[in-house]
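Read the structure below first, then the notes.
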Amino acid sequence: MSLGPDLIARITAQGPISVAEFMAQALLHPTKGYYVTRDPLGAGGDFTTAPEISQMFGELVGLSLAQAWLDQGAPAPFVLAELGPGRGTLMADILRATAGVPGFAQVAQVALVEASPVLRDAQAEALAGHSPLWVDTVDALPPGPLFVVANEFFDALPVRQFQRAGDAWRERSVGVSEGALTFGWSPVGPQPALAHRIEDTAEGDIVEHCPMATAIAHQLGARIAQDGGAALIIDYGDWRSLGDTLQAVRDHAPVNPLEAPGAADLTTHVDFEALAQAAAPASHTRLTPQGVFLERLGITDRARALAAKLEAGPLEAHIAAHRRLTHPAEMGNLFKVLGIYPGAAAPPPGLLP
Ligand code: SAH
């Protein structure tokens, strides 16, 4: 059942593939891809995410989006979208927290960009009563002002990896040696898309380029600049990435990315500079640590209000969840938030221009 033997046969017959093609196959192969065959966030899953850690995350993201919608004159109708909604928990928390904002949740056309049939089923259950619309790609979202969130979505998109060689680059590939998958390198050649990385890299450095991420950021920015709206992009990464950040996780522990394609999650760090630039003509906010973003939106007050109704084990779990989302030594600093918004509007609350 594993995808490994399929990839070994294909590479043996046709030659090495790029890291991006390897990621695309491992995550979304139509019958054996990681996201196609399982719910990685469920009981006994491989990893967890901010919305699964605490309802406070989705509540505050929802209120930021709803305030951005009010700041833009409460346009109606509008599209409330999520990219890679996982189990639907974040969108369910957004809709519950914004139910009291007159006209917001009632008017919203909920739209979900999701590739996994298993996760679409989980989302349908979590969002029963909200009639979500599923689409395969961002360009298939319905028209109109677009308020959208993406949490741990961009890190799952296939990246190409390049190593500096003089003023040119060699691309990292996946080949086969002695019957097993192994990393290798393509011949050195020019890479116009990496011209801006010549100034900040040295011989032998590795940089990553995610063509799908920049294409999606461009589609979001063009939509938001033209029709209004805002995007909150939340993920691990930094303003400009450097080095090999490909990682595989299985059962909450790191594994070799080539070891079990289709059975382990694969991610890379997000290059937020590339997303911000691709989102033009829309404006982008400063890249903001998740902990700072949530504090500005009032997570401490919300945590206190929820704590008042809890005791013993559930209270301890709630305090730990608050710390996990915000503390710099946990997710608070590793995860960053980038907002995209129309130049003439205010940035989404929690973020600065
Ligand atoms: N946002 C959720 C889940 C993160 S996991 C959370 O925070 O809990 C990544 C999500 O992106 C999954 O729902 C996965 O199926 C989806 N995904 C990954 N690659 C995708 C692609 N190319 N197109 C659409 N959805 C994708």
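Computed from heavy atoms alone, side chains included, the values below leave out hydrogens, waters and symmetry copies. As the structure is a prediction and not an experimental result, all values here were calculated from the model.
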inquiry  = Taking the cut-offs as 6.0 angstrom to the six-membered ring centre and 45 degrees off its axis, would you call R172 and F183 a cation-pi pair?
reply    = yes

inquiry  = Can you tell whether the side chains of D205 and R197 come within less than 4.0 Å, N to carboxylate O?
reply    = no

ask   = Can a donor-acceptor pair be found between the side chains of S18 and R160 at a distance below 3.5 Å?
value = no

message = Please determine whether the number of non-hydrogen atoms from other residues, nucleotides or ligands lying under 6.0 Å from atom CD of E199 exceeds 12.
response = yes

request  = Using the salt bridge (Lys or Arg N to Asp or Glu O under 4.0 Å) rule, collect all pairs that involve residues 84-112, keeping only residues at least two apart or in two chains.
outcome  = D39-R87, E59-R96, D93-R96

ask   = Would one find more than 12 heavy atoms of other residues, nucleotides or ligands at under 6.0 Å from atom NE2 of H318?
value = yes

inquiry  = Grouping I, L, V, M, F, W and Y whenever their side-chain heavy atoms are under 4.5 Å apart, do V255 and L41 come out in a common cluster?
reply    = no

query = If you round to the nearest 0.5 Å, how far is CZ of F57 from CD1 of I299?
reply = 9.0 Å

task = Please check if any side-chain donor atom of T245 sits under 3.5 Å from a side-chain acceptor atom of E208, or the reverse.
result = yes

query = Can you tell me how far the CD1 atom of I206 sits from the CZ atom of R170, to the nearest 0.5 Å?
reply = 10.0 Å

query = Same hydrophobic cluster for L60 and V337, using side-chain heavy-atom links shorter than 4.5 Å among ILVMFWY?
reply = yes

ask   = Do R286 and L338 touch side chain to side chain, with heavy atoms closer than 4.5 Å?
value = no

request  = Run the salt-bridge test on E273 and R240 with the 4.0 Å N-O cut-off and return the result as yes or no.
outcome  = yes

inquiry  = If you define the side chain from C-beta out and look only at heavy atoms, does anything of D271 sit under 4.5 Å from V159?
reply    = no

inquiry  = Is there a path of hydrophobic side-chain contacts, each under 4.5 Å between heavy atoms of I/L/V/M/F/W/Y residues, joining L141 to I224?
reply    = yes

Linked, directly or transitively: M23 and L258 (ILVMFWY side chains, under 4.5 Å) = yes

key: Basic-acidic side-chain contact under 4.0 Å: R302, E295   = no

message = Are L297 and V101 linked, directly or through intermediate hydrophobic residues, by side-chain heavy-atom contacts shorter than 4.5 Å (ILVMFWY only)?
response = yes

ask   = Do H269 and W239 make the cut of ring centroids closer than 6.0 angstrom?
value = no

inquiry  = Distance alone, cut at 3.5 Å: any donor-acceptor contact between the side chains of E52 and T89?
reply    = yes

ask   = Counting only N and O atoms by type, is there a donor-acceptor contact under 3.5 Å from the side chain of Q72 to the main-chain atoms of G229?
value = yes

inquiry  = In this structure, is the centre-to-centre distance between the rings of F104 and F78 below 6.0 Å?
reply    = yes

key: Under-4.0 Å salt bridge between R10 and E21   = yes

task = Could you tell me whether E259 atom CD has more than 12 heavy atoms of other residues or ligands within 6.0 Å of it?
result = yes

query = Salt bridge check: are K32 and D6 linked by an N-O gap of less than 4.0 Å?
reply = yes

